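Working notes, beginning with the structure itself.
Quantities reported herein were computed from a predicted structural model and do not represent experimental measurements.
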Amino acid sequence: QVQLVESGGGLVQAGGSLRLSCAASGRTFSNRGVGWFRQAPGKEREFVAGISWSGGSTSNADSVKDRFTISRDNAKNAVYLQMNWLKPEDTAVYYCAAGIGTVSTAASVVYWGQGTQVTVSS
């Protein structure tokens, strides 16, 4: 079992930055890929960024490329999402997810966190 707890969300102006953290518990975390997904009101949950268990492979959605960076520290059982140049359309609940590969699809997710709200004002 892996439990995931997100933190770091909040309200920020357009052009600003936030860093989301995902704290994991469970002895199998370091063997799992981890991804970040988001869901805006009235929209489906979408993939944002993912990272393999070793950290050697990452993937990003085109909408966040060159703005968001995913990283992980297996020694601390943590995954991070650095978000720069935020836009109002980035407003959503952000979810941490652990699963298979770089966790780039919902089908590859085994565990979900509860989510953290990110709001970007114009």
Side-chain angles (χ1 to χ4, degrees):
Q1 277 281 26
V2 175
Q3 290 80 43
L4 305 169
V5 178
E6 303 93 336
S7 62
L11 174 64
V12 63
Q13 287 188 332
S17 299
L18 280 175
R19 188 192 194 208
L20 303 184
S21 298
C22 175
S25 60
R27 60 193 180 100
T28 63
F29 173 73
S30 61
N31 297 329
R32 293 283 187 183
V34 180
W36 288 94
F37 291 73
R38 67 186 182 187
Q39 188 167 19
K43 294 189 177 181
E44 292 188 354
R45 193 172 297 189
E46 64 175 0
F47 169 74
V48 175
I51 188 166
S52 62
W53 69 270
S54 67
S57 180
T58 62
S59 61
N60 283 63
D62 287 343
S63 59
V64 305
K65 226 169 194 179
D66 299 326
R67 298 189 299 123
F68 291 10
T69 302
I70 188 171
S71 61
R72 69 187 295 165
D73 185 339
N74 285 341
K76 295 182 178 179
N77 276 358
V79 176
Y80 309 100
L81 184 68
Q82 178 66 43
M83 305 186 295
N84 299 326
W85 297 107
L86 283 160
K87 305 175 182 180
E89 51 263 45
D90 294 319
T91 295
V93 177
Y94 284 70
Y95 297 90
C96 180
I100 302 167
T102 56
V103 196
S104 57
T105 65
S108 61
V109 175
V110 179
Y111 304 102
W112 290 99
Q114 294 298 307
T116 185
Q117 177 70 45
V118 172
T119 303
V120 184
S121 62
S122 57

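- Judged by distance alone, with hydrogens and angles left aside, the side-chain atoms of R67 form a donor-acceptor pair with the main-chain N or O of W85 at under 3.5 Å.
- Of the inter-residue distances, the one linking M83 atom CE with L18 atom CG reads 4.5 Å to the nearest 0.5 angstrom.
- A donor-acceptor pair under 3.5 Å links the side-chain atoms of S52 to the main chain of S57, judged by distance alone.
- Of the possible polar contacts, one joining the E6 side chain to the C96 backbone as a donor-acceptor pair under 3.5 Å is found.
- A donor-acceptor contact shorter than 3.5 Å is absent between the side chain of N77 and the backbone of A23.
- For the atom pair CG of L4 and CZ of R32, the computed distance is 10.5 Å after rounding to the nearest 0.5 Å.
- Checked against the 6.0 Å centroid criterion, the rings of W36 and F47 do not qualify as a close aromatic pair.
- A cation-pi contact, defined as under 6.0 Å to the ring centre and within 45° of the axis, links R45 to W112.
- Counting only N and O atoms by type, the side chains of Q3 and S25 include a donor and acceptor under 3.5 Å apart.
- For E89, the CD atom is densely surrounded, since the number of other residues' heavy atoms within 6.0 Å is greater than 12.
- Side-chain atoms of D90 do not come within 3.5 Å of backbone N or O of V120 as any donor-acceptor pair.
- Both V12 and Y94 are part of a single hydrophobic cluster, where members link through side-chain heavy atoms under 4.5 Å apart.
- Remark: the backbone N or O of Y80 is not paired with any side-chain donor or acceptor of S21 at under 3.5 angstrom.
- Of the listed residues (T69, V34, I70), just one forms a side-chain contact (heavy atoms from CB on, under 4.5 Å) with L81, and that residue is I70.
- Side chains of Q1 and Y111 form a contact here, defined as non-hydrogen atoms less than 4.5 Å apart.
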